[in-house]
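One structure is given here, and the rest of the page talks about it.
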Amino acid sequence: GNSVTQMEGPVTLSEEAFLTINCTYTATGYPSLFWYVQYPGEGLQLLLKATKADDKGSNKGFEATYRKETTSFHLEKGSVQVSDSAVYFCALSLYSTLTFGKGTMLLVSP
Amino acid sequence: DAEITQSPRHKITETGRQVTLACHQTWNHNNMFWYRQDLGHGLRLIHYSYGVQDTNKGEVSDGYSVSRSNTEDLPLTLESAASSQTSVYFCASSESPNTGELFFGEGSRLTVL
């Protein structure tokens, strides 16, 4: 079956540090890949997506590249802010089914 | 602006009681979903619907039911609440079932004592 594996958190960083959150997937076909973000007390919001190999999704300074050869979709940001503190979910979509990873909490301190 | 709303946002109930969580969207989306979020499990799909009168079981559907009588609403019913159903429940909708782009409500926190 399909699955998504994310690095366990929490990830604790100081403001302006570089962020990487690892995500790898297993799928029986060629999925679309997503990062969702959940701020405290809120629902999930789509952060970025990529629909085919080598695509780069980007939004709000975050980036992720669809790497078919390593089945990965790592989330990166060059300089995090306190307001980026949230839980980040990697997800894949295949044949109308969306499968989420378990989420990675990011804590950014001033 | 279009939105998706859930109610109640917080509920405490007792084991064995029937509970219904409401979900209402004004996006006019055909596709609606219910997830539960638990620590260590992430989000798990409970039920989903691709249109009026259509309902489907997800990964963790036991003990839950949904009905879809119109486009806007997909209520989730716990027929006989159990402590294992203590969780945060999220409703979501999408324009297409194939895009993976979901719009989420703010969640309903349910505690079963």
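Bear in mind that the values here come from a model prediction, so they are computed numbers and not experimental data. Naming: A, B, ... by sequence-line order, numbering from 1 per chain.
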Counting only heavy atoms closer than 4.5 Å, note whether B/R44 contacts chain A via side chain, backbone, both or neither. neither
Can you tell me how far OG of A/S58 sits from CD of A/E76, rounded to the nearest 0.5 angstrom? 12.5 Å
Counting C-beta onward and ignoring hydrogens, is there a side-chain heavy-atom pair between A/V4 and A/F89 closer than 4.5 Å? no
Are the side chains of A/W35 and A/V37 in touch, meaning some heavy atoms are under 4.5 Å apart? no
Under 4.5 Å between any side-chain heavy atoms of B/L102 and A/L44, yes or no? no
B/Y89 versus B/I46: any side-chain heavy-atom pair under 4.5 Å? yes
For B/F103, is it the side chain, the backbone, both or neither that has a heavy atom under 4.5 Å from a heavy atom of chain A? neither
Please rank B/F90, B/Y48, B/F104 by heavy-atom pairs under 4.5 Å with chain A and give me the top one. B/F104
Close approach to chain A in residues 32-42 of chain B, criterion heavy atom under 4.5 Å: B/Y35, B/Q37, B/G40, B/H41, B/G42
Residues which pass side-chain hydrogen bond (donor to acceptor under 3.5 Å, both in side chains) with A/T70, listed by chain and number, not counting sequence neighbours: A/S72
Taking the side chain as every heavy atom from C-beta outward, state whether B/S94 and B/E101 have any atom pair closer than 4.5 Å. no
Please flag which part of A/E8 lies under 4.5 Å from any non-hydrogen atom of chain B: side chain, backbone, both or neither. neither
Sub-4.5 Å side-chain heavy-atom contact between A/S32 and A/K49: no
